[in-house]
*Asks:* 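Next up is a structure, given as structure tokens.
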Amino acid sequence: MTIKKFQGKTQEEATEKARQELGAGAVVMNVKEIKPKGLFNFFKGSTFEVTAAIEEKEQFLNAVQMAAMQQKKIENINLAADEKISIPLPAEKTVEPAPSYQRPVTPEKEVVVNKSESDIEKKLENLSNILEKKLSEDGAREAEMPVTPKASPKNLENFKFMKMLYRTMLNNDVNEKYVNQILDEAEKVTNSGSNVDIILSNVYQKMILKLGEPNCIDLSGKKPRVIFFVGPTGVGKTTTIAKIAAKYKVEHDKKVAMLTADTYRIAAAEQLKIYANILDAPVKIIYSAEELNQALDTLAEYDLVFVDTAGFSHKNEEQREDIKKLIDGLEPKYEKEVYLVLSATTKYKDLMEIVDIYKEIAEYKIIFTKLDETTSFGNILNIRLYSGADLSYMTNGQSVPDDFEVFNTQMVVKQLLGGK
């Protein structure tokens, strides 16, 4: 993994520099505004610093190269906490899933561990310290594991720490398949000299990259851009539309309009009309793709047109086909985006069925709602990895236009690792 910083007069300029050097697959991990200091710099504008990362192929080193890199790494890492993170002690289970880590971490496959950037490290030190404490408490309660001649005390400590991370992610409902995948990848970039801070930093970075950079509404191109919202009943599509419409009207000064194809629920159109009146945005009811295109002809001067669709059981083939016809029937002259709205409280098995069914309707990006109604965010990572679809926004309450933000990758990863 390569992590680098880039500066520019704007966030966009710095991000573009990152993509030019690291490629299109680069993920923005942190953005920091740098304000000028000093009396004579008062009238100078701020600059922006973007920390970006990209996965790279494993690089195996010989013993001499590894020793040099390890020494450099230890000299460079300087962790400093800037926030308090509390972690509940994972509950002991009588029967525990057998992890894939049934051996101490050995230095057989040693690879380069890139130095974590300070902005990321600040979010990790308290987390690693607390995990270390919990690790020692667990060690006092658990029976001592047999130590083979090859297992040094440092290897055994790292193995126990990996096991702690394993259990923590399982307790947060991350699927065991993905837990093993993440920890296996992190193990490849650790070695016998690594401490828990380095291990945790590698796991954190792997999870950030797997969730990816949020993919939100594209404001470029032709207008009006047509934004469809699809998803099962009760996930909060209509409320989410109101939140997003308010964001782009108020923060981005865009002209927004709303259409609803949800003719199954009597109150659906009325609810959307209330939100539209507050935003001073036009709203129309449509029953077919033909009416959709006719309505869009009257909204040519608008930037964004949000289309609310009927929520339905993913097992209802008739309603599913109706929505597919609506989306496919949009005239080619219009650019469209489709967002699948999912509740973070839905069971993983059901979520897998839902994303599979909606993949038959259209390619989509994902919005997760109701994060305030659960403390386990594992299904967010599970569905991201299972579906391959980009994450975009998240909601954590019913308040409009509040309780809504661009998907917060760092917050979710910290939660999955046991932070608050």
*Asks:* If we ignore angles and hydrogens, is there a donor and acceptor under 3.5 Å between the side chains of Ser392 and Asn215?
*Replies:*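 Side chains of Ser392 and Asn215: no pair found under 3.5 Å.
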*Asks:* On the ring face of Tyr302, is Lys223 found with NZ or CZ under 6.0 Å from the centre and within 45° of the axis?
*Replies:*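 No cation-pi geometry.
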*Asks:* So how far is it from Ile286 CD1 to Asp308 CG, rounded to the nearest 0.5 Å?
*Replies:*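 Output value for this atom pair is 9.5 Å.
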*Asks:* Does either side chain, that of Glu337 or that of Tyr339, offer a donor lying less than 3.5 Å from an acceptor on the other one?
*Replies:*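 Tyr339 and Glu337 do have a side-chain donor-acceptor pair below 3.5 Å.
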*Asks:* What I want to find out is whether Lys347 reaches Glu353 closely enough, with some N-O distance under 4.0 Å, to be called a salt bridge.
*Replies:*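 No, this pair does not count.
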*Asks:* For residues Tyr386 and Asp356, is any side-chain donor paired with an opposing acceptor at under 3.5 Å?
*Replies:*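 Checked: Tyr386/Asp356 side chains pair up, N/O donor to acceptor below 3.5 Å.
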*Asks:* Could you tell me whether the side chains of Ser220 and Asp218 share a donor-acceptor contact shorter than 3.5 Å?
*Replies:*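 Side chains of Ser220 and Asp218: pair found under 3.5 Å.
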*Asks:* Taking atom types as modelled, find out whether Thr298 and Gln294 have a side-chain donor-acceptor pair closer than 3.5 angstrom.
*Replies:*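 There is no such pair between these side chains.
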*Asks:* State yes or no: are the ring centers of Phe407 and Phe368 separated by less than 6.0 Å?
*Replies:*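 No - the distance between ring centres of Phe407 and Phe368 does not fall below the 6.0 Å cut-off.
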*Asks:* In terms of side-chain geometry, is the basic nitrogen of Glu13 or Lys17 positioned less than 4.0 Å from the acidic oxygen of its partner?
*Replies:*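 Yes, charged N to carboxylate O under 4.0 Å.
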*Asks:* Quick one: pull up CE in Met352 and CD1 in Ile357 and give me the separation to the nearest 0.5 Å.
*Replies:*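 Rounded to the nearest 0.5 Å, the CE-CD1 separation comes to 13.0 Å.
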*Asks:* Check the pair Asp280 / Lys255 against salt bridge (Lys or Arg N to Asp or Glu O under 4.0 Å), numbers first and verdict last.
*Replies:* CA-CA 10 Å; Asp280 191 26; Lys255 295 187 68 175; over 6 Å; no
*Asks:* Any chance the side chains of Thr345 and Ser343 put a donor and an acceptor closer than 3.5 Å?
*Replies:*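 Yes, a side-chain donor-acceptor pair sits under 3.5 Å.
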*Asks:* Salt-bridge test for Glu335 and Lys222: reply yes if a basic N is under 4.0 Å from a carboxylate O, no otherwise.
*Replies:*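 Looking at Lys222 together with Glu335, the answer is no, because their closest N to O distance does not fall below 4.0 Å.
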*Asks:* Between Thr346 and Lys370, does any side-chain donor sit less than 3.5 Å from a side-chain acceptor?
*Replies:*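 Absent: no donor and acceptor within the cut-off.
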*Asks:* Would Glu360 and Lys324 pass as an ion pair if we require N to O under 4.0 Å?
*Replies:*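 Here Glu360 does not pair with Lys324 in a salt bridge, since their nearest N and O are not under 4.0 Å apart.
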